[in-house]
Amino acid sequence: MKQNRIFGLATSFVLCVLLLTAGCGKPAAESAQAKVEPKEQKTPVKLALKFTPAESTSYKVITDIDNSVIWESTDPDKPKGFTGGHTSRKIEMTFTQQIQSTDDKGNAVAKITIKQLKYLTQLKNKTTMDFDNSRRGDEQNPLSKLIGQSYTVQITSSGQVLKLIDANDARAAVAGDSDANETAAGLLSLEAITQRHTIPALPASDKNQVLTGGNWSSIKSFSFSMMGSKAYEKIYTLKEIKNVNNRRIAIARMEAVPSAEYAREQHKQQSPAFLANMSDNTETYTGELKLDLTGGKVEEYRENLTTEWLIVDPNPKNSTQPAALKMTAVRSYSIEKID
């Protein structure tokens, strides 16, 4: 029995390497002029974007994916075949959003022009791609061809991307067979563009009238390879309205909890993840939205998920503390208005 347990743990160590696959600040200081509206406010505010033809706004979007596997033990001998470290992908893009037209439903056609780009990937602590268009020498990288390219999307007042209208010229500019060309093309895929321009914190259009203290929610799911899939109910609460430099800023905070309904559906459809059943799991998933109600623009939105699994050897050597395997997954997204 003892040998079986040790073999099972070692097998887990090896399988966990599959988690490490590619593809996978401080808040801005408040103005001294900021004033908080009374908590007992009884008039709801409309949490929605506003669009005006010909207006142009610049944003910076950062997405970060990080998976890590770490061996924790006083015994220096790691299981044979174990490979740990960090595998990550961080993308930082600055773009302008120029409104081309609007309709009677509040939707807008927006031309997006890429102004700056940073792209960094690591595989088991080894950098596999590092691009920064502002860095001297990186102008030869095919990713640099994205700078100045444009595509057109239709977006809603609730921060959803209805459709990608046109990205043909931008895609043609980065066509090629190299890894960098394929990476650039990936940044222009429907999935990547949708994620970049969706504001996940805004309520649906039929539920966007919210009182201070009121809340709304949405479901977000993630896949963690051998650790299975998880879904969370993101619960947003409108905390306060501040008057800052003659603008009304709504501040909402998000706290997420595991979605019980999603978990039941997953259990019906597939067997639970093997490694997840062997581990203790802790997680935090929070976020904050700052929405300019006066201008109808997102000032800032950030969310971060950190989930950790810990597998401890149930039968350690008498002379050492129990060996443990710690796996951590981080998923973060932020968008910030920069002008």
Side-chain angles (χ1 to χ4, degrees), residues 16 18-21 23-25 27 47 61-69 87-91 156 158-161 191-192 194-208 210 213-239 250-291 298 300-311 326-336:
C16 279
L18 297 177
L19 180 65
L20 294 173
T21 54
C24 49
L47 301 179
V61 169
I62 301 175
T63 57
D64 197 358
I65 296 174
D66 186 279
N67 299 322
S68 66
V69 176
T87 291
S88 62
R89 181 185 66 198
K90 184 175 183 179
I91 306 168
T156 72
S158 57
Q160 302 298 307
V161 176
E191 180 181 5
T194 299
Q195 180 185 25
R196 188 178 307 135
H197 299 290
T198 295
I199 309 299
L202 292 176
S205 58
D206 59 344
K207 299 178 181 179
N208 62 15
V210 184
N215 56 58
W216 64 98
S217 67
S218 63
I219 301 293
K220 174 70 174 179
S221 62
F222 297 89
S223 175
F224 300 108
S225 186
M226 294 296 292
M227 305 310 293
S229 297
K230 301 188 74 171
Y232 303 86
E233 182 181 10
K234 302 194 295 182
I235 303 170
Y236 297 89
T237 303
L238 181 58
K239 292 294 186 179
I251 298 176
R253 295 190 176 91
M254 183 269 284
E255 297 281 347
V257 296
S259 171
E261 182 177 351
Y262 180 90
R264 285 193 295 269
E265 288 300 315
Q266 287 296 98
H267 183 75
K268 294 177 184 177
Q269 297 176 21
Q270 62 187 40
S271 58
F274 171 68
L275 292 178
N277 287 342
M278 297 177 60
S279 66
D280 292 324
N281 180 223
T282 58
E283 55 198 343
T284 59
Y285 191 6
T286 59
E288 183 177 73
L289 168 70
K290 294 181 181 179
L291 178 66
V298 170
E300 182 179 0
Y301 176 65
R302 300 177 186 275
E303 67 175 42
N304 181 276
L305 166 66
T306 300
T307 183
E308 181 179 291
W309 298 269
L310 188 67
I311 301 177
K326 183 168 73 173
M327 295 164 287
T328 304
V330 176
R331 305 288 185 269
S332 66
Y333 166 88
S334 70
I335 181 168
E336 179 182 6

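What you see below is based on every heavy atom in this structure, not just the backbone, and it leaves out hydrogens, waters and symmetry mates.
By the 4.0 Å N-to-carboxylate-O rule, Glu288 lies close enough to Arg253 to be salt-bridged with it. Residues Glu303 and Arg331 are not paired through a salt bridge, judged by the lack of any N-O separation under 4.0 Å between the basic side chain and the carboxylate.
Arg196 pairs in a side-chain contact (heavy atoms from CB on, under 4.5 Å) with only one of the listed residues (Ile335, Val61, Ile91), which is Val61.
Trp216 places a side-chain heavy atom less than 4.5 Å from the side chain of Val210. The side-chain heavy atoms of Lys90 and Asp64, taken from C-beta on, include a pair separated by under 4.5 Å.
Considering CZ of Arg302 and OG of Ser332, their distance stands at 9.5 Å, rounded to 0.5 Å. Atom CE of Met327 and atom CG of Leu310 lie 8.0 Å apart (nearest 0.5 Å).
Listed for the Asn281 side chain is a donor-acceptor partner under 3.5 Å among the backbone atoms of Glu308.
No side-chain donor-acceptor contact under 3.5 Å links Asp66 and Ser68.
Figure legend: cation-pi geometry between Lys220 and Phe222, with NZ or CZ positioned under 6.0 Å from the six-membered ring centre and within 45° of its axis.
Relative orientation of the Tyr333 and Tyr301 rings is tilted, given thresholds of 30° and 60° on the angle between their planes.
The minimum heavy-atom distance between Ser205 and Ser158, with the atom names listed, is N-CB, 4.2 Å.
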